[in-house]
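As structure tokens, the structure follows; a few thoughts come after it.
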Amino acid sequence: MSEKSTLIHWFRKGLRTHDNPALFKIFEKSHADPQKYCIRPIFILDPSLLQWLRVGANRWRFLQRSLDDLNKQLMALNSRLYVVRGNPNNVFPRLFKEWQTELLTFEEDIEPFALKRDAEIKTMAREHKVEVETFWSHTVFNPYTVMQKNMGKAPLTYQKFLGIIEKMKAPEPLERPEKLKRNNVCKDGWEVEDEKCYDVPLLADLVKNMDELGEEKFPGGETEALKRLEASLSNVGWVTAFEKPNTAPNSLEPSTTVLSPYLKFGCLSSRLFHKKLSAILKANAKHSKPPVSLMGQLYWREFYYTAATGEPNFDRMIGNSVCMQIPWQTNDAHLEAWTYGRTGYPFIDAIMRQLRQEGWIHHLARHAVACFLTRGDLWISWEEGQKVFEELLLDQDWALNAGNWMWLSASAFFYQYFRVYSPVAFGKKTDPTGAYIRKYVPELAKYPAGAIYEPWKVALGDQRKYGCVIGTDYPHRIVNHDIVHKENIKRMSAAYKVNREVKTGKEDQEDGGGGKKRKRDTSAGGGNGPSGSKAKKKKK
DNA sequence: CTGAGCGTTGAAGCG
DNA sequence: TCGCTTCAACGCTCA
């Protein structure tokens, strides 16, 4: 008998044992020849990245819980999780050699950094004569297949996207791999020296500042994900009637499923979600439909993934073929006030504080704060907001984060920039008494329902009575929405005009390398002086 | 080339 | 409380 050789599955996203084709593969191969193989499901953690990755404490905790749970799931299958410290480029040559690796499997990803990394690892594997097999399982529909059915381009409207996928068949999710006959945990030379060298990191290893951890409302991991899926789908009436615009952004407990973090990390398979949801809809003729239905929500995720696959610069304005070029301005004080929930608009601040504490906010709450930061009030680039969400949102997923920011800033997909969310009126619709604000902006807790959305209107004497003086205990408004949102609509109009001109006048420019890509033309500025035009016309 | 119809989720005023 | 209109008027798609 020759020496054992190793089958590696590399976890990145997809932190689950159910419906995981790349993991399934190595188990399957091992079952076929149990004596021959050592199987090693690995996760690679680069400690040197902990500093500069834009990942907040709550998100690290979600990852840590997910890895811990994943390890338990794998142990139940007579394997374990090996968390390898280092970066993939340094780690893999070592593992290929030391473990006598025969096969490497992983789930494909479309993020540009991942594409580059994976290409390098594949090359490396080839050099070490290691076979590589990859699978698409992060979304229901493979974005490349969807593009293929749209003449090689990503569909850029939701309806078009729907039209394509409705003709496609969703892949059948896989079961968990069958349990290995006997314990298949192998030890290598490094483990002899340090038996804990592949253990799941502790929370303290990942989170530098424990004070930043909020209440753990959504614990990471596959076990929790499946529990949450069952709970979400158990109320059939709720599922079939679901319409996103009718769910409250500011309820004290989430009005939606909060499956998004589990989908992002892959603790939950989107294909399993799709299958179970499909079964419910099939059994209940009367149900809501995309885009507003629950299935519609899952399809939005698919939509953005596909759109992002078609554009490597999806997460920035410049060089992004789908993105309107808009002369945003910088304002560090305003950005900081927004980031930490100190804009002086209680509804906006409550949302930003919930985000920081809990790592999740309702989709419509994201709309409100995103509109406020960009085209609505502060006129700050959506890329700045994207960074803050990236750090704080448990469900932060590259394609979805960028896509939604472009949507809300009317930079792509959505263009009715004159529809502006009011930081005062919008929240009142679903929470007229302001209970949500009292919870997350407790300094305003004693303000009565009629005043809590606009505390600056309260007379000073009453402010004292309510124990919160505006300007002392809670900030003044950093901008006057009634004024700035109108100015910003005009700015948007001007910016759109410049984009239109660039687009139609584009044929004149000689464009060397026949690119469909818009050349980095602008900075177009559209005459935005630092002086916002004071001249307001009194129309009417 | 042109124009009508459409687009996940606006706000405010009206009856 | 709801449903309608107006506000001012966008880009994209498709016939």
Side-chain angles (χ1 to χ4, degrees), chain A residues 150-151 153-165 241-251 255-256 260 287-304 307 310 321-326 345 347-348 351 361-372 374-377 400 403-404 406-432 453-454 481-504 506-507 518 526 536-540:
Chain A
N150 190 50
M151 299 187 299
K153 289 177 307 193
L156 294 178
T157 66
Y158 187 81
Q159 295 303 334
K160 188 117 192 261
F161 176 81
L162 274 187
I164 296 165
I165 60 159
F242 185 96
E243 292 192 344
K244 186 63 150 285
N246 297 335
T247 60
N250 47 5
S251 51
S255 58
T256 51
S260 54
H287 57 76
S288 54
K289 297 211 164 47
V292 295
S293 64
L294 197 53
M295 187 63 97
Q297 307 312 301
L298 187 56
Y299 287 161
W300 278 105
R301 180 174 183 270
E302 307 275 322
F303 169 75
Y304 283 127
S321 63
V322 304
C323 185
M324 207 63 84
Q325 305 296 304
I326 295 168
Y345 282 94
F347 178 57
I348 299 297
I351 295 168
I361 50 178
H362 185 278
H363 186 63
L364 292 179
R366 302 178 197 202
H367 278 215
V369 296
C371 182
F372 188 90
T374 57
R375 65 188 169 84
D377 295 82
L400 281 66
N404 278 305
M406 283 190 273
W407 181 290
L408 262 301
S409 60
S411 298
F413 312 115
F414 169 86
Y415 304 98
Q416 288 163 286
Y417 56 73
F418 38 85
R419 291 191 178 174
V420 177
Y421 289 87
S422 162
V424 172
F426 187 64
K428 280 186 185 170
K429 284 188 287 192
T430 43
D431 178 26
Y453 280 88
E454 299 171 279
H481 174 78
D482 295 333
I483 294 169
V484 297
H485 94 271
K486 288 183 187 149
E487 290 175 355
N488 288 343
I489 287 174
K490 294 202 177 76
R491 283 167 143 175
M492 286 300 288
S493 172
Y496 269 37
K497 187 157 174 278
V498 173
N499 278 267
R500 220 159 32 226
E501 286 163 5
V502 168
K503 216 171 162 185
T504 53
K506 169 170 80 168
E507 287 83 7
R518 229 175 321 210
K536 302 187 292 264
K537 268 176 201 132
K538 262 173 248 172
K539 258 200 122 156
K540 215 327 150 1

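Residue numbers start from 1 in every chain, and the chains themselves are labelled A, B, ... in the order their sequence lines are given, proteins ahead of strands. The structure presented is a predicted model; accordingly, all values stated were derived computationally and were not measured.
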Quote, to the nearest angstrom, the [atom1] distance that separates [N] from [M].
N: B/dC6; M: C/dA8; atom1: P; result: 23 Å
N: C/dC7; M: B/dG7; atom1: P; result: 23 Å
N: C/dC14; M: B/dT8; atom1: P; result: 13 Å
N: C/dT13; M: C/dA9; atom1: P; result: 23 Å

Margin query: Between A/Arg491 and A/Glu487 (salt bridge meaning N to carboxylate O under 4.0 Å), is one present in this structure?
Written below: no
Next item on the list: Look at A/Glu243 together with A/Lys289 and state whether they make a salt bridge at an N to O cut-off of under 4.0 Å.
Entry: no
Distance check needed: [N] [atom2] versus [X] [atom1], whole Å only.
X: A/Tyr158; N: C/dT13; atom1: OH; atom2: P; result: 17 Å
X: A/Lys503; N: C/dC10; atom1: NZ; atom2: P; result: 14 Å
X: A/Phe161; N: B/dG7; atom1: CZ; atom2: P; result: 17 Å
X: A/Glu487; N: C/dA8; atom1: CD; atom2: C1'; result: 17 Å

Next item on the list: Please check the phosphate of C/dC10 (OP1 and OP2 only) for any side-chain N or O of A/Lys490 closer than 4.0 Å.
Entry: no
Note to self: Please tell me if A/Arg419 has a side-chain N or O lying less than 4.0 Å from either OP1 or OP2 of C/dC10.
What the structure shows: no
Margin query: If you define the side chain from C-beta out and look only at heavy atoms, does anything of A/Phe426 sit under 4.5 Å from A/Pro249?
Written below: yes
Check: So what's C/dA9 paired with, Watson-Crick or G-U wobble, going by both distances under 3.5 Å?
Finding: none
Item checked: Complementary nucleotide for C/dG3 - Watson-Crick or wobble, under 3.5 Å -> B/dC14
Checklist line | Whether A/Asn499 side chain and A/Met324 backbone form a donor-acceptor pair below 3.5 Å | finding: no
Under 4.0 Å between any heavy atoms, over every strand shown, what does [X] touch: base, sugar-phosphate, or nothing? Just pick one.
X: A/Lys429; result: sugar-phosphate
X: A/Gln159; result: sugar-phosphate
X: A/Val292; result: base

Check: Where does the angle between the aromatic ring planes of A/Phe413 and A/Tyr304 fall among parallel (under 30°), tilted (30 to 60°) and perpendicular (over 60°)?
Finding: perpendicular
